[in-house]
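Proteins come first, then strands; the chains are lettered A, B, ... in the order of their sequence lines, and each starts at number 1.
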Protein chains: 2
Amino acid sequence: MRAVRLHAVGGPKNLTVETVDAPVPQPGEMVVRVRAAAFNRRDVFITQGRYPNIALPAILGSDGAGEVAAVGDGAAGPPIGARVIVDPMLCWGADPRVWGDDATILGMPQAGTFAQYVCVPARNVHPAPEHLSNESAAALPLAGLTAYRAVFTRAQLRKDETILITGIGGGVQTFVLLFAKHIGARTIVTSGSDEKLERAKALGADVAINYRTDADWHKTARKAGPIDVVVDSAGGETFARCIEIVRPGARIVTYGGTTGDATVRMFPIFWKHLTIMGTSMGSPQDFASMLNVVNAGKLEPAVDSVYDMENVAAAAEAVERNTQFGKVILRIG
Amino acid sequence: MRAVRLHAVGGPKNLTVETVDAPVPQPGEMVVRVRAAAFNRRDVFITQGRYPNIALPAILGSDGAGEVAAVGDGAAGPPIGARVIVDPMLCWGADPRVWGDDATILGMPQAGTFAQYVCVPARNVHPAPEHLSNESAAALPLAGLTAYRAVFTRAQLRKDETILITGIGGGVQTFVLLFAKHIGARTIVTSGSDEKLERAKALGADVAINYRTDADWHKTARKAGPIDVVVDSAGGETFARCIEIVRPGARIVTYGGTTGDATVRMFPIFWKHLTIMGTSMGSPQDFASMLNVVNAGKLEPAVDSVYDMENVAAAAEAVERNTQFGKVILRIG
């Protein structure tokens, strides 16, 4: 089969398309013929060597949509030929509150979705939402799962509340916006790009703030509040400012720290009885619930662009530039 | 009546004992004849000018035990002469998750317990635990309430878990230790004083670490773990280290920041799915539940020392030096 492989770190340009053996399902596993995959920041971090425990060579890719191609002994799930998507969270563990020691994410070390075939445990294979194309369905798994857990399982956002979504544009944050609007919550988004802010408004964002042209963006956000919930993956000063501006009793969810460490004042944390929640990926229950919400609302993931597999390096460089709004998709021929 | 008043900030020495009018209960209020009061860090911070919205002159003191002396119209509660303690949290509000905008703490601006008589809403007056002297009962309210909410309402500590209590010795942390031991949890305490660590061990602490002689105290604590819950009021580097050493899924509760801002890495927060919870004081439900636990376990608060009211400045200086283990009590003649 054709597959995207990484043999050495050094950036997106090191991603190469090669011919390798197709996987054979073991008992309890399924092989999915991938028709579309999606990029996550994780894939780019791995090419750059900025990810823990990198093992190479590897087939990257956590997100995939396609059809069931082969079923191992005793594997229960959708039948051969069924349109499916793959939950990239492998071996979450027994505790819904936190992943276990054996948890891993599909796509390094286990061969991922940037290939014509991917082999996963049958319990990770779910029917694809009928209203979505393969390209749009491939946008769902990792980002939708992370966003669902952040918004609902962790922050427990309610429809009468206001959520601040910092740095709109990435895959997860666009899903946070979709989910928040779906339940009727009020949304404040920030970005350094007016174009991304316009696209967020088109998706229903109520307030849009450009942090490059508004140095006091956090004060502007506070005035547009009161802010009940924040979902952030910037960390650093963004995270520290969020602690200052939220209302008493607010919940702040973090799933990343792209701008580095945060120096925070303790006083607003305890005086306002804040709750700061870390999250990463999500449990099998989270994934099933996320699919239910997407199906119930016929939600359409934001797709930035679609690349053919042969142009995988260009696709990864687009993610590296961080100019996208929504997911960057890889069409698998 | 005789009362301790503060006319100007400038430290504990500015506390003076004066004769002032005794309070008269308004409808819904009760006047308590105070027999013993207790110091909190808050009282010393106010004398130092390190507290928000200081209004002077003021009678300080949040904690008091004594007898009901007078009852206003329509005030339901313990009868005149009953031994009582006072919940210092005034006007918490309707939301058990966070105090409301009108919430205040007894003892500045409202006249506090460092006086022969204190007037409070009747709903703040509770029967004193029968097994406690006035001095021990006075140790309970603010510190016991803060500790109860931190351990149970916020962290939801369970008996099969391990809790790290940083900086044992202060009033709240000694209650955290008492409550944790009461439910059978495993406890790790830290202090810069071997004497405080010995006293903590006498109260049942399972592991005691001196952070002055063990520069890598946090690694020692991690080895003694895994740590499920932390209760901290130091902030700063202590708080940052706690984030590094707790187990996945851990809860870290903060109710103070005596050592300043904390510079934290985002990665362990989201990768370990941590929950960081701020807390301050507690709701009426928390206070009632705290009393239930103290009564059920016949728990005995740690009392460091007892001063006569006339020696209030010396008592406050003892708290300022931070050498105490447990509460510093003021006996009201």
Side-chain angles (χ1 to χ4, degrees), chain A residues 50-52 92-93 95-101 103 146 149-150 153-156 226 228 231-236 238-240 243 246-283, chain B residues 50-52 92-93 95-101 103 146 149-150 153-156 226 228 231-236 238-240 243 246-283:
Chain A
R50 297 168 56 198
Y51 199 84
W92 172 274
D95 187 350
R97 296 174 311 168
V98 60
W99 50 20
D101 291 341
T146 304
R149 184 173 176 85
T153 308
R154 294 295 263 154
Q156 298 184 18
D228 301 283
V231 177
D232 174 69
S233 74
T238 301
F239 182 79
I243 287 171
V246 293
R247 77 180 306 166
R251 295 90 76 195
I252 301 176
V253 181
T254 170
Y255 64 89
T258 49
T259 68
D261 299 348
T263 298
V264 301
R265 290 202 309 138
M266 304 308 298
F267 182 78
I269 298 176
F270 62 81
W271 197 255
K272 294 195 288 189
H273 295 247
L274 303 185
T275 304
I276 297 167
M277 301 157 159
T279 192
S280 191
M281 305 293 292
S283 69
Chain B
R50 295 168 58 197
Y51 200 84
W92 172 274
D95 187 349
R97 296 174 311 166
V98 61
W99 51 18
D101 291 342
T146 304
R149 185 175 175 83
T153 309
R154 294 295 262 155
Q156 298 183 21
D228 302 282
V231 177
D232 174 69
S233 75
T238 301
F239 182 78
I243 288 170
V246 293
R247 77 181 303 166
R251 297 89 76 197
I252 301 176
V253 181
T254 170
Y255 64 91
T258 50
T259 68
D261 299 347
T263 298
V264 300
R265 290 201 310 139
M266 304 307 298
F267 181 78
I269 298 176
F270 63 80
W271 196 255
K272 294 195 288 189
H273 295 248
L274 302 186
T275 304
I276 296 167
M277 301 158 160
T279 192
S280 191
M281 305 292 292
S283 69

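- Per-residue heavy-atom pair counts under 4.5 Å with chain B were compared for Pro248(A), Gly256(A), Ala240(A), Gly257(A), and the maximum is reached by Gly256(A).
- Between chain B and the options Asp101(A), Thr279(A), Ile252(A), the largest number of non-hydrogen pairs under 4.5 Å is found for Thr279(A).
- Considering Leu274(A), Val264(A), Thr275(A), Ile276(A) as possible partners of Ile276(B), the one that fulfils the side chain to side chain contact (heavy atoms under 4.5 Å, CB included) test is Ile276(A).
- From Ser233(A), atom OG reaches atom OH of Tyr255(A) across 3.5 Å, with rounding to the nearest 0.5 Å.
- Top candidate by heavy-atom pairs under 4.5 Å with chain B, chosen from Phe267(A), Trp271(A), Phe239(A), is Trp271(A).
- Between chain B and the residues Met281(A), Met266(A), His273(A), the most heavy-atom pairs under 4.5 angstrom are made by His273(A).
- Salt bridge annotation for Asp228(A)-Arg251(A): absent, with no cationic side-chain nitrogen under 4.0 angstrom from a carboxylate oxygen.
- Rounding to the nearest 0.5 Å places CH2 of Trp92(B) at 6.5 Å from CH2 of Trp99(B).
- Ranked by heavy-atom pairs under 4.5 Å with chain A, the first of Ala262(B), Gly236(B), Pro52(B), Gly249(B) is Ala262(B).
- Nearest heavy-atom pair, Gly235(A) versus Thr259(A), reported as atom, atom and distance to 0.1 Å: O-OG1, 3.2 Å.
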